[in-house]
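Since the structure comes first, as C-alpha cells, the remarks are kept for the end.
Letters A, B, ... mirror the listed sequences (proteins, then strands); counts begin at 1.
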Amino acid sequence: MQLSEQEVIRRQKLDELIKLGINPYPADLWEITHSSKQILENFESNPEGLKDISFAGRIMSVRDMGKAAFAFLQDSQGKIQIYVKRDEICKGEDKSLYDLVWKKLLDMGDIIGVKGYAFKTKMGEISIHVSELKLLSKTLRPLPVVKQDAEGNIHDAFTDPEQRYRMRYLDLIVNPQVKNVFVQRAKIIESIRNFLNGKGYLEVETPVLQPLYGGAAARPFKTHHNTLDMTLYLRIANELYLKRLIVGGFDGVYEFAKDFRNEGMDRFHNPEFTQMEIYVAYKDYEWMMNLMEEMVEKIAIDVTGSTEVQSGEHKINFKRPWKRYSMYEAIQHFTGVDISNQDEATLKQTAKNLGVPVDNKMGRGKIIDEIFGEKCEPHLIQPTFITDYPVEMSPLAKKHRSKPGLVERFEAICNAKELCNAFSELNDPLDQRKRFEEQLQLGLRGDEEAMQLDEDFLRALEFGMPPTSGLGMGIDRLAMIMTNSASIQDVIFFPQMRSEKKE
RNA sequence: GAUUCCGUAGCUCAGCCGGUAGAGCAUCACACUUUUAAUGUGGGGGUCCUGGGUUCGAAUCCCAGCGGGAUCACCA
C-alpha cells in the first residue's frame, strides 16, 4: 500500500508514543461524566456542578499558543473547546507530556480523554480547563479539515458524494448535519412504532428469504440455500406473509421490512430499501386513508415539530385532511378529459391527443396509469390521496364495491412521488387465483415483473381471511421528505455502490 | 440501459487555445500562556483515474475503459 506523507508521519508518531510507554489504543474504559452538550447547556445555570469533569472526544482543530493551546473536541453530541496549559498538565519539571506528546505526537482526528473543570474564556467560549489528558485512540489517516467562520460559512466542506457514501464514517465525523438526518430517520421509525403500538397492533417479523417472491411487481435477487439445495429469493415485499398472519387471527400486524429489488438505481431507488407494511382486519381502504393521514401528520410533528415541512423548493403541509381524488377525477382535473366511460380504443386516442405515448401491448389499465403518471402525478406536491385504480394493475386488491373495472386501492402522492400504496385486500380465494393466473400469462409474455402463483397463500385464503385493509409505505422516501434530502443516498447510511478499484 | 458533466496534493479547487504541475487549508520546522477560519516565517508533499493514440513534447487534444453525479427509461 502506498502511504502518503501524512500517513507515514502518523505511523512514525505512533512508534514514538509506544517508545515513550504510551499505549495508543488502551483497553481500559474512560469515564464520561458529561457530554459536550450537557456542559454547554448547564454551564450558565450550574457552573459548580462542572468543577470535576471527565470527558472524551475527537480532536477536530487545534490552535497552538506556545505554552498553551485551544482545541475543539467532538463527541456524539457536538463540540466543545478545551484549554490545555503546559504547566497545568505537567505539574513537575518534566514538560514532555505537553511539549512532546500534545504538541508533536497528537493530531487532529485523535481521540483523547480529558479531565478538568468548565470555565468561560475571555472570548466567551465555554471550555474545559484541562488538568489531565490521555490518548485513547491514535488516527493514522488525516481527516478532511472543514472550517466554519464567524459568519457561519463553511470552508473546504467535504462534499465529494462518492467519498461521502463510501466512507460514511468520515462523512459523519466532519459533516455534523449528516448525523442529524439519521437521527431524524430513527425518529420517523420510532414515531410510527409508537403510533401503531398505541393502537394495539403487533410488530412482527417475516422471512426475507422466500421460495416464491410476491406482493409486488418487481424483479428479485436470487440466491441458493446449500443444505436445502433450493432457490430462494430475497423478498420484494412481505405482503403475502402478513396476510397469512391475519388469516391466523391477529387483528393488526405490521413490519418494518428491508425489501430488495433487482432494478435500476437512481436518486429515488436503492436496491435494498425499507418499507413499513401494515394489515388490519375488518377494515377497508377508506379507514386506512384516515389512519395514514393521522399517522403521517403525527410523524411530521414528532420529527420536525410542525406539520409543515420544507422539501426542496416546496413547503409541504401534512395537516389533515388531505385532498382526495379518484383516479378518473384526477385525470379530468389535470387534463379536462373524462375517461370514465371511454373504451380501450377511445382511451388510446385520448392518450395520443394528450401526448402520452402508448403502444399496442398496453391494456386499458396500463394506459390510464400512463396518463396519470404523465399528466397528474408531477403536479401533486401536497399530500394527496388518489383512489380507485384499474383492476389490471392491482392483482392483490379487492374489486370496488360499486365501480366496475376498478379496485379499492389508494396511493398517497407527495412531492410528485408515491408515498404509500394501500387496498381493501382481496380475500376471495377464487378471485385471487384468477388474478394470479392472469399474472402468469403476463409472465409468459415476457413481463419480468409479473407475480408468481403462490399456492400456499391461496390455501391460506381458502381457510378464510377477514375483510382486511393493508398499506405499504416507503420509509426512505418519507425520510427524504422529512429531512429535505434530494437523494435516497442521503437517508441510507451505506447506499449501494460499485466496487472500489483495488489500491 | 441511453444522454451529459466530472475525476489534478490528505481536503476544497485552479490550470485545459499542448511547452518543467499551482493556491488555500492540512502536514513538517521555529516563535507565541485566553485563542476561535488564531497569527508570523520557512520547508516538504503529485501514477494530474487507468490504458492506448496524435505530437519533438500531453494534466491539457483523440479513442477505449474504470469510478461518480445529473437527466431520461423502469420503478418504491
Q: Could you work out the separation of B/rU55 and B/rG19 based on their C1' atoms and round it to a whole Å?
A: 12 Å
Q: Could you measure between the two C1' atoms, the one in B/rG46 and the one in B/rG10, and give it in whole Å?
A: 12 Å
Q: Mind running salt bridge (charged side-chain N to carboxylate O under 4.0 Å, His left out) on A/Lys398 and A/Glu408 for me, showing each step along the way?
A: CA-CA 6 Å; A/Lys398 188 178 277 194; A/Glu408 297 206 351; over 6 Å; no
Q | Whole-angstrom distance between B/rC74 and B/rC17, as gauged at atom C1' | A | 43 Å
Q.
Using the side-chain heavy atoms of A/Glu125, tell me which of these nucleotides is nearest: B/rU35, B/rC11, B/rC30.
A. B/rU35
Q: Identify the nucleotide, in any strand shown, that forms a Watson-Crick or G-U wobble pair with B/rU71, with both distances under 3.5 Å; if there is none, say none.
A: B/rA2
Q.
Measuring only the P atom in each nucleotide, how far is B/rG69 from B/rG44? A whole number of Å is fine.
A. 38 Å
Q: Summarise protein proximity over nucleotides 68-74 of chain B in one line of letters, 5' to 3': B for base, S for sugar-phosphate only, - for none, counting protein heavy atoms closer than 4.0 Å.
A: SSSS-BB
Q: May I ask you to decide whether A/Glu203 forms a salt bridge with A/Arg193, counting only side-chain N to carboxylate O separations under 4.0 Å?
A: yes
**Q.** Nearest listed nucleotide, side chain of A/Met108, among B/rA26, B/rU35, B/rG10
**A.** B/rA26
(Q) Using atom P in both nucleotides, what's the gap between B/rA9 and B/rG65 to the nearest angstrom? (A) 25 Å
Q: Decide whether a cation-pi geometry holds between A/Lys67 and A/Tyr98; the criteria are a distance under 6.0 Å from NZ or CZ to the six-membered ring centre and an angle within 45° of the ring axis.
A: no
**Q.** Watson-Crick or G-U wobble mate for B/rC48, both contacts under 3.5 Å
**A.** none
Q) What distance, rounded to whole Å, do you find between the two C1' atoms, one in B/rC5 and one in B/rC49? A) 16 Å
Q. Counting only Watson-Crick or G-U wobble pairs whose two distances fall under 3.5 Å, which nucleotide matches B/rC13?
A. B/rG22
Q: Measure from the side chain of A/Thr159, starting at C-beta and using heavy atoms only, and say which of B/rC32, B/rC25, B/rU12 lies closest.
A: B/rU12
Q: Answer with yes or no whether A/Thr121 presents, from its side chain, a donor or acceptor under 3.5 Å of a partner atom in the base of B/rU35.
A: yes
Q: Could you tell me how the ring of A/Tyr117 sits relative to the ring of A/His129: parallel (under 30°), tilted (30 to 60°) or perpendicular (over 60°)?
A: parallel
Q) What residues, two or more places apart in sequence or in another chain, satisfy ring pair (Phe, Tyr, Trp, His ring centres under 6.0 Å) together with A/Phe273? A) none
Q. Have A/Tyr279 and A/Glu277 got a donor and an acceptor in their side chains that come within less than 3.5 Å?
A. yes
(Q) Partner lookup for B/rA29, please. Criteria are Watson-Crick or G-U wobble with both distances under 3.5 angstrom; report none if nothing qualifies. (A) B/rU41
Q: Taking only the side-chain heavy atoms of A/Asp87 (C-beta and beyond), determine which of B/rC28, B/rU33, B/rA26 contains the nearest atom.
A: B/rU33
Q: Indicate whether A/Phe273 forms a stack on B/rA76; treat it as stacked only if centroid distance is below 5.5 angstrom and interplanar angle below 30 degrees.
A: yes
Q: Determine the interatomic distance between C1' on B/rG18 and the same-named atom on B/rC56; round to the nearest Å.
A: 12 Å
Q) Considering only B/rA76, B/rU27, B/rA26, which nucleotide approaches the side chain of A/Lys147 most closely? A) B/rA26
**Q.** Lys/Arg cation over aromatic A/Tyr389: A/Arg409, 6.0 Å, 45° cone
**A.** yes
(Q) Less than 3.5 Å apart, any donor N or O on the side chain of A/Gln275 or A/Asp259 sitting next to an acceptor on the other? (A) yes
**Q.** Side chain A/Gln81 and base B/rU35 donor-acceptor under 3.5 Å
**A.** yes
Q | Distance, C1' atom - from B/rA37 to B/rU12, rounded to whole angstrom | A | 14 Å
Q: Measure from CZ on A/Arg63 to C1' on B/rU35 and round the result to the nearest Å.
A: 5 Å
Q. Is any side-chain N or O of A/Glu5 under 3.5 Å from a base N or O of B/rU27, one able to act as donor and the other as acceptor?
A. no
(Q) Taking atom types as they are modelled, would you say the side chain of A/Gln6 forms a donor-acceptor pair with the base of B/rA26 within the 3.5 Å cutoff? (A) yes
